[in-house]
*Asks:* 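Can you keep this structure in mind? I'll have questions shortly.
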2 protein chains.
Amino acid sequence: MKFDLKQLAIREGVEVAFLAEKLKAREIIIVQNSEREIRPLLIGTGLTVKVNANIGTSQAHLDVDLELEKLRVAVEAGADAVMDLSTGGPLDEIREKILTASPVAVGTVPLYQAFCEAAGRGSRNDLTADDIFGVIEKQAESGVDFVTVHCGVTRNALDILRTEGRICDIVSRGGALIAEWMTVNNQENPLYSQFDRLLEICLKYRVTLSLGDGLRPGCLADATDKAQIAELITLGELTQRAWQKNVDVMVEGPGHMPMDQIEANMTLQKRLCHNAPFYVLGPLVTDIAPGYDHITAAIGGAIAARYGADFLCYVTPAEHLCLPEVEDVKTGVIASRIAAHSADIVRNPGRARIWDDRMAKFRKDLNWEMQNKLAIDPCRFRELHQKFKGSEKDSCTMCGDLCSMKVKL
Amino acid sequence: MKFDLKQLAIREGVEVAFLAEKLKAREIIIVQNSEREIRPLLIGTGLTVKVNANIGTSQAHLDVDLELEKLRVAVEAGADAVMDLSTGGPLDEIREKILTASPVAVGTVPLYQAFCEAAGRGSRNDLTADDIFGVIEKQAESGVDFVTVHCGVTRNALDILRTEGRICDIVSRGGALIAEWMTVNNQENPLYSQFDRLLEICLKYRVTLSLGDGLRPGCLADATDKAQIAELITLGELTQRAWQKNVDVMVEGPGHMPMDQIEANMTLQKRLCHNAPFYVLGPLVTDIAPGYDHITAAIGGAIAARYGADFLCYVTPAEHLCLPEVEDVKTGVIASRIAAHSADIVRNPGRARIWDDRMAKFRKDLNWEMQNKLAIDPCRFRELHQKFKGSEKDSCTMCGDLCSMKVKL
């Protein structure tokens, strides 16, 4: 597959030579299935931080049109990718519809479909390695751009987790399901033991591997523990094996984590995984704010991205409570984009700060029209600003003619 | 005025000896006017990070009952203090009502009233030093617990600001107004030149000085510039002068600031102001998110508090757009409390993390009732969690029977 590097470099605001060099080192990846025509997703060193939005049905809610609406809203709000995490309804059909409708890269967690289908046949643990790889191949063939696979949940890692203990054990759904399967069937994780089989599929369809963090901490108390780091070491080994077979990789990261552990986690991931792009969920910097976890994740995501995370998975206000609604999807994407841009400002001020500085100038000029245009969410800007009509045309209802912007020195 | 240190130490989760020592050093302050009976506000080294909510009328919106409702909601959401920033309507009457209704410390910015009254008499710059100190004494006598005074906006600081230049000049309203007054009247700032007069009032009524950051940066481009730091140096000098006269001080800080400048700013403030408590507004880590500045401020506030800020002024979703509504006040308080608690987890994990760890355990146990009870906003928790009734009683609509918490290893 050929990409126009010059055009991609312009879009990303980097030099072509830099892009070519980092692509070769696999520190930058281009996520796009060979069968798909989308806006290629570029992630990695020196690029702007990208944002993913999770959508998809659940067993309790399987309205496909609603998920397509979430897709539309997520893309409109600026998501660079979406993941179809459907677990309810006709999964192949839902995925096909999302793939057809999405202008951005689409990822999946194939284990979900594998376990759902096994459950449909009678028992979710009555599943073979062939079933798992069959689903992965089916999804890759249908055009999925990246797959999250929990290859690092090994018997060894589970032994460590059991020995050391945790409050929340495994909170990754895919990680928990494969761990259960391994325990019930007394077998090694096929995604680990037959990793080369996975690589063949990825190579054939140009699918990017997203090495899932099945053992990511699900609460502050479990963060940066032995199980998490043991898995990360395995993911670093698998990264090199994937690279040897010419397969691009990103590595997934935590999770829930106190603020002061984030930088160390980023450093560790970059080192252990040889600068592979880092894809983080959160991290959520406190456990006590269900209903506001888009905010706890924005705090952690901004810090994570500042110290090296390249791709942020959004967290919505519905996290830990229910399947998100359309409005939650929008809020989640915007919150993640705020975190991403806040980090971009530090990672590459020359490129990222132009936006902020323009906004600041229009603020000083009380040019509301241009402020509206530049706002990360112009609709929300208009809605709030027009809610009250100020007594003064040019200032807002907060300050009126006491507006500090109007004071000339 | 006598305080029960033992009781206060228990409330704050610190040793009495530690509290007494830090009170003596003025690194911890007890904010409470001698005339008032409130829950004393303790701020400073080693304590939990506190949160302030700004309320008050504007010229465009002067519904006092609405502001009283905002007060009620702010306190219910967990604000540790409120500031009455009213600039519209009968200011004395509004302040009296807020003081009567508030169970928490109340702060003001006396310059607002001074300038509003002067404007009412004809011209806002037709104001004398006596007018300013008259308002301050009136407010102190009426029971105000702390006052923000822009003493650091000196002629020297303004010269620096003019010479170096800025995109947004002065964005502090009080700072801009006094700078205009100084320019128009060609005089030094009376809050600086007659600082001792201010101290006498504070001492008489036991009012805490909040040394305002009139020159705080209003956009990323202006952050940590010469004008801001020159003002901070002055605030450090005034801190020592206040301490010599037995007046407690907190120092106010920025503003808008890229993430990577926050730690340095906290270090600088603590050093230059001799470990006086630090009260920050934001900092907002990007300028492009009007409508979501409670999130940009939560990111900056969490980082600031981690590195030393002791008191966070909330920012609502209405910031930069309009006077906040009741719902914005609630959202702003919760977002700031999330930032404060996220930092508390790092500042004193032994005390702060108990809350998170309990939540994590109830999450693992799928005990929704206790999760609800422990949530930072139980109403919001209930609202979201009950929106969809899950197919499974014990898990939510996101995962259903694929819930990772149910997997036994």
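Because only heavy atoms are used, hydrogens play no part in the values below, and waters and symmetry mates are left out as well, while side chains stay in. Letters go in sequence order (proteins before strands), and every chain restarts at 1.
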*Asks:* What residue in A/T87, A/I295, A/D222, A/D344 has the most heavy-atom pairs under 4.5 Å with chain B?
*Replies:* A/I295
*Asks:* Does B/R358, at its CZ atom, have more than 12 non-hydrogen atoms belonging to other residues, nucleotides or ligands within less than 6.0 Å?
*Replies:* no
*Asks:* Between B/I288 and chain A, with a heavy-atom cut-off of 4.5 Å, which part of the residue counts as in contact: side chain, backbone, both or neither?
*Replies:* both
*Asks:* Test: salt bridge (charged side-chain N to carboxylate O under 4.0 Å, His left out). Region: residues 173-183 of chain B. Which pairs qualify, not counting sequence neighbours?
*Replies:* B/R124-B/E180
*Asks:* So, does B/D356 use its side chain to make a donor-acceptor pair with the main chain of A/D287 at under 3.5 Å?
*Replies:* yes
*Asks:* Select one option (side chain, backbone, both, neither) describing which atoms of A/M359 are under 4.5 Å from chain B's heavy atoms.
*Replies:* side chain
*Asks:* Most heavy-atom pairs under 4.5 angstrom with chain B, which of A/I303, A/V184, A/L177, A/T296?
*Replies:* A/I303
*Asks:* Quick check on the interface: out of B/L374, B/L85, B/V346, B/T183, who has the most heavy-atom pairs with chain A under 4.5 Å?
*Replies:* B/V346
*Asks:* So which heavy atom on A/A289 is nearest to which on B/I338, and how close?
*Replies:* CB-CD1, 3.7 Å
*Asks:* Let me know if B/H320 has heavy atoms under 4.5 Å from chain A in its side chain, its backbone, both or neither.
*Replies:* both
*Asks:* Looking at B/A302, B/P349, B/A176, B/S404, which makes the most heavy-atom pairs under 4.5 Å with chain A?
*Replies:* B/S404
*Asks:* Answer with yes or no whether the side chains of B/N372 and B/H385 bring together a donor and an acceptor at under 3.5 Å.
*Replies:* no
*Asks:* Taking side chain as everything from C-beta outward and backbone as N, CA, C, O, which of these in B/S342 sits under 4.5 Å from a heavy atom of chain A? Side chain, backbone, both or neither.
*Replies:* both
*Asks:* Which atoms of B/I334 come close to chain A, meaning under 4.5 Å heavy atom to heavy atom: side chain ones, backbone ones, both, or neither?
*Replies:* side chain
*Asks:* If you count heavy-atom pairs under 4.5 Å between each of A/A119, A/C116, A/A298 and chain B, which one has the most?
*Replies:* A/A298
*Asks:* Using a cut-off of under 4.5 Å for heavy-atom pairs, which of B/D260, B/L284, B/D357 has the most such pairs with chain A?
*Replies:* B/D260
*Asks:* Yes or no on side-chain contact (heavy atoms from CB on, under 4.5 Å) for B/I170 and B/L158, after CA distance, side-chain angles and deciding distance?
*Replies:* CA-CA 10 Å; B/I170 302 181; B/L158 289 180; 3.8 Å; yes
*Asks:* Could you have a look at B/E319, B/R306, B/M405 and say which one has the most heavy-atom pairs with chain A under 4.5 angstrom?
*Replies:* B/R306
*Asks:* So that I can tick it off, tell me whether A/D159 and A/R162 are bridged by a salt bridge, with the cut-off set at under 4.0 angstrom between side-chain N and carboxylate O.
*Replies:* yes
*Asks:* Given heavy-atom pairs under 4.5 angstrom as the criterion, report whether the side chain, backbone, both or neither of B/D328 touches chain A.
*Replies:* side chain
*Asks:* Picking from A/C219, A/C403, A/P290, A/A375, which has the most non-hydrogen pairs under 4.5 angstrom with chain B?
*Replies:* A/P290
*Asks:* Considering only heavy atoms, which portion of A/H294 lies under 4.5 Å from any heavy atom of chain B: side chain, backbone, both, or neither?
*Replies:* side chain
*Asks:* Count the heavy-atom pairs under 4.5 Å between each of B/T331, B/D377, B/L220 and chain A, then report the option with the highest count.
*Replies:* B/L220
*Asks:* Whether the side chain of A/S86 engages the backbone of A/T57 through a donor-acceptor N/O pair (distance < 3.5 Å, no angle test) should be reported.
*Replies:* yes
*Asks:* Taking C-beta and beyond as the side chain, do B/C379 and B/K330 meet within less than 4.5 Å on heavy atoms?
*Replies:* yes
*Asks:* When B/D169 is tested against each of A/K361, A/R363, A/K364 for salt bridge (Lys or Arg N to Asp or Glu O under 4.0 Å), which residue passes?
*Replies:* A/K364
*Asks:* Could you look at A/A343 and say if it's the side chain, the backbone, both or neither that has a heavy atom under 4.5 Å from chain B?
*Replies:* both
*Asks:* Looking at A/E383 and A/R380, does any basic side-chain N land under 4.0 Å from a carboxylate oxygen?
*Replies:* yes
*Asks:* Given the options B/H256, B/R337, B/R353, B/Q261, which has more heavy-atom pairs under 4.5 Å with chain A than any of the others?
*Replies:* B/R353
